Undergrad: 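Sharing a structure here in structure tokens format.
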2 protein chains.
Amino acid sequence: MSLRDATSASPATLTTTLAGRLRDAILRGDLEPGSKLVLDRIRVGYGVSLSPLREALCRLESEGLVEAEDQRGYRVSPVSADNLTEVIRLRVELEGMAVREAILHGDAAWEGRVVSALHQLSRCVHGARSAEEQEVWEARHRAFHAELISACRMPLLQQFCETLHDQSDRYRRIFLKDHAPDRDVPAEHAAIAGAMIERRADDAAKLLREHVERTGRNIQAALRGAA
Amino acid sequence: MSLRDATSASPATLTTTLAGRLRDAILRGDLEPGSKLVLDRIRVGYGVSLSPLREALCRLESEGLVEAEDQRGYRVSPVSADNLTEVIRLRVELEGMAVREAILHGDAAWEGRVVSALHQLSRCVHGARSAEEQEVWEARHRAFHAELISACRMPLLQQFCETLHDQSDRYRRIFLKDHAPDRDVPAEHAAIAGAMIERRADDAAKLLREHVERTGRNIQAALRGAA
DNA sequence: CCGGATGAAAATATCGATTATTTATAGATC
DNA sequence: GATCTATAAATAATCGATATTTTCATCCGG
């Protein structure tokens with residue numbers, strides 16, 4: 001059971017809705033890494049009470065997007081080159097494993113979902129003009145990567161991958177905010193999807209690894225530039 | 001930053017204390033897997049209010065020990081053969097990676113901590129007579145395994161490993177409750193520690209893998225017997 | 001002029017009560 | 001006799017207020 005899925009599956013309790021809004025704000029970079037989250041300010045800002053706010057932050061903490069310290073409140077998780085390196089490293093390793101399992105267990109229905117997700121992703125532009133278009137691309141991009149490993153039959157692994165993917169998305173959106181993509185990302189996605197559907201496990205893992213690591217290197221470069 | 005460490009590091013907020021007590025109860029098997037956690041009953045049982053209780057459960061949720069569903073409350077995470085298989089599989093993979101990194105980065109101080117943890121573990125008996133002795137062994141056993149990978153310089157990986165280790169401990173304590181250990185576990189621990197300190201990465205990974213998988217198979221057998 | 005103690009202000013942690021939702025039960029209808 | 005519906009009890013979610021802790025500026029002493 002994914003934490004994010006709960007947003008749509010259940011009747012949406014206030015806590016769940018709020019967690020989603022805050023997560024988006026952090027992933028989008030609206031809330032600066034390392035900045036203190038003053039509960040009372042957020043409370044009035046979002047028009048809720050403290051209880052659901054605390055619970056929402058607690059969920060975000062388990063996703064590694066905020067950090068809490070007893071008696072000292074919450075802050076947005078800081079960013080660092082070391083942390084990014086670890087995130088990329090773990091993504092490569094874990095998504096690699098998940099991809100191989102998905103290839104092993106995926107059926108025709110799964111293939112269809114992958115093709116569909118790829119198609120929907122290809123229908124929106126990456127370097128989008130409006131912020132809204134960007135959000136659509138982000139959502140479909142995330143959905144595509146999730147679909148690739150959806151057949152792996154390892155729910156825990158899927159959750160780890162989702163968490164790591166969110167982390168790396170945050171870095172990309174903060175540090176590659178106005179960089180034009182330097183490579184043919186849609187082609188990379190198509191190549192990965194193709195390899196998976198054709199059951200070429202080694203190729204798929206290799207392509208995904210390169211895809212993730214290339215993005216990682218670009219972010220590292222921008223991060224060094226910012227510091 | 002580990003979730004468990006916060007227990008000792010900070011002035012111990014009510015939430016943190018409560019989370020620890022509940023975690024122990026679940027790991028110990030006192031709270032049956034799949035059973036519903038009626039908030040109001042726990043509230044009076046532990047003599048706290050709802051807010052800290054909710055927050056404590058939220059932390060346990062991120063460790064995979066309890067599950068929450070909107071508007072339907074919390075329940076202790078159920079157990080299943082499939083879930084155990086995944087936990088063991090991921091432990092082997094992730095702890096294997098962590099062990100190799102620790103061997104790469106560990107210094108003399110780390111070696112000392114490993115030796116010390118092994119020694120302390122060896123000073124208590126596994127098939128302990130009293131429940132209290134058993135708790136001591138559990139704590140030192142967990143500390144030993146944590147120390148092995150403490151030098152890996154990958155905090156996220158460490159946290160994943162800790163979570164998985166807790167999960168697998170729960171299975172072991174529930175299903176191997178009164179099984180006498182069928183093998184020389186202390187010798188296995190000593191062998192792993194030795195290989196790590198002598199920087200034999202492949203040996204260490206292999207020994208740890210066999211250690212984890214053996215336990216896994218024993219639990220699987222007991223689990224099948226219970227069903 | 002600097003360092004540590006002190007007190008006021010801000011922020012967090014906790015509580016008790018209220019509101020909304022779900023689940024179980026009993027009754028009515030087909 | 002089975003299924004659907006309405007009601008009531010149980011339970012979770014939310015709120016507003018209070019108690020506790022931390023932080024920061026200030027003052028005093030060295």
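Owing to the predicted nature of the structure, the values given are computational and were not obtained by experimental measurement. Chain A is the first sequence line, chain B the second, and so forth, proteins listed ahead of strands; every chain is numbered from 1.
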Undergrad: Using whole Å, report how far CG of A:L53 lies from P of C:dT14.
TA: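 Atom CG in A:L53 sits about 15 Å away from atom P in C:dT14.
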Undergrad: Protein-nucleotides 9-11 of chain D N/O pairs closer than 3.5 Å?
TA:
none

Undergrad: Atom OH of A:Y46 to atom C1' of D:dT14: distance rounded to whole Å?
TA: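 Taking OH of A:Y46 and C1' of D:dT14, I get 19 Å after rounding.
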Undergrad: In this structure, which one of A:D169, A:L27, A:D24 forms a side chain to side chain contact (heavy atoms under 4.5 Å, CB included) with A:E138?
TA: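 Filter result, single survivor: A:D169.
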Undergrad: Just to verify, what does B:S122 make a side chain to side chain contact (heavy atoms under 4.5 Å, CB included) with, not counting sequence neighbours?
TA: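 Scan of B:S122 (side chain to side chain contact (heavy atoms under 4.5 Å, CB included), adjacent residues dropped) gives B:H119.
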Undergrad: Assess, by modelled atom type and distance only, whether the side chains of B:S62 and A:R59 contain a donor and an acceptor separated by less than 3.5 Å.
TA: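 No, because no side-chain N or O of B:S62 sits under 3.5 Å from a partner of the opposite role on A:R59.
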Undergrad: The criterion is side chain to side chain contact (heavy atoms under 4.5 Å, CB included); which residues satisfy it with B:R153, sequence neighbours excluded?
TA: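 Once residues adjacent in sequence are excluded, the partners of B:R153 under the side chain to side chain contact (heavy atoms under 4.5 Å, CB included) criterion are B:H105.
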Undergrad: Taking the side chain from A:T163 and the backbone from A:E63, do they hold a donor-acceptor pair closer than 3.5 Å?
TA: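 No: the side chain of A:T163 does not pair with the backbone of A:E63.
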Undergrad: Test of understanding: with side chain to side chain contact (heavy atoms under 4.5 Å, CB included), list the residues that count as partners of A:A25, not counting sequence neighbours.
TA: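 With neighbours one apart ignored, the set is A:R28, A:D30, A:L31, A:Y46.
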Undergrad: In whole angstrom, give the distance that lies between atom CG of A:D40 and atom P of D:dC15.
TA: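 Rounded to whole Å, this separation is 14 Å.
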Undergrad: Hey, what are the protein-to-nucleotides 16-18 of chain D N/O distances that come in under 3.5 Å?
TA:
none

Undergrad: Does a side-chain N or O from B:T13 land closer than 4.0 Å to OP1 or OP2 of C:dT14, or not?
TA: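 It does, given that an N or O in the side chain of B:T13 lies less than 4.0 Å from OP1 or OP2 of C:dT14.
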Undergrad: Quick one: B:D70 CG to C:dT22 P, roughly how many Å, whole number?
TA: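 Rounded to whole Å, this separation is 10 Å.
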Undergrad: Would you mind listing every ring pair (Phe, Tyr, Trp, His ring centres under 6.0 Å) that reaches into residues 153-179 of chain B, with sequence neighbours excluded?
TA: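 Residue pairs passing ring pair (Phe, Tyr, Trp, His ring centres under 6.0 Å), neighbours aside: A:F160-B:F160, B:H141-B:H165, B:H145-B:H165.
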Undergrad: Between B:E32 and B:V76, is a side chain to side chain contact (heavy atoms under 4.5 Å, CB included) present by the stated rule, with each step listed?
TA: CA-CA 7 Å; B:E32 205 174 336; B:V76 181; over 6 Å; no
